[in-house]
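When a residue number appears, it is its place in the shown sequence, counting from 1. Note that the coordinates shown come from a computational prediction; the quantities given were computed from them, not determined experimentally. What's counted below: heavy atoms across the whole structure, side chains too, no hydrogens, waters or symmetry copies.
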Amino acid sequence: MQIWLAVLLIVLALIGGVALGFFIARKYMMSYLKKNPPINEQMLKVMMMQMGMKPSQKKITQMMKAMNNQMK
């Protein structure tokens, strides 16, 4: 086997492995974020209080729905 062919196969395998790993990691993170959203109602309530708003349950629910729709 010629040396240039061996080097070419190694480089192609490396590029293929990196590409495959990237797409698998991306799919895993997307499913993880769907199951465990980064912001929940308690965090939203605290943020609203820090901004000087008095959060009502209706407003919190409304904002959560808007955020969930945006993620889809």
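- With respect to Val11, the side chain to side chain contact (heavy atoms under 4.5 Å, CB included) criterion is satisfied by exactly one of Leu9, Leu8, Ile15: Ile15.
- Screening residues 4-30 for side chain to side chain donor-acceptor pair (under 3.5 Å) gives Gln2-Trp4 as the qualifying pairs, with residues at least two apart or on separate chains.
- When Met49, Glu41, Met47 are each tested for a side chain to side chain contact (heavy atoms under 4.5 Å, CB included) with Lys45, only one passes: Met49.
- Linking ILVMFWY residues whenever their side-chain heavy atoms come closer than 4.5 Å, directly or via other members, leaves Phe22 and Met29 in distinct clusters.
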Validation: residues 33-40 side-chain donor-acceptor distances under 3.5 Å, sequence neighbours left out:
from: Asn40; atom 1: OD1; to: Gln42; atom 2: N; distance (Å): 3.3
from: Asn40; atom 1: OD1; to: Met43; atom 2: N; distance (Å): 2.9

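- Considering Ile60, Leu44, Val46 in turn, Ile60 is the only one that fulfils the side chain to side chain contact (heavy atoms under 4.5 Å, CB included) rule with Pro55.
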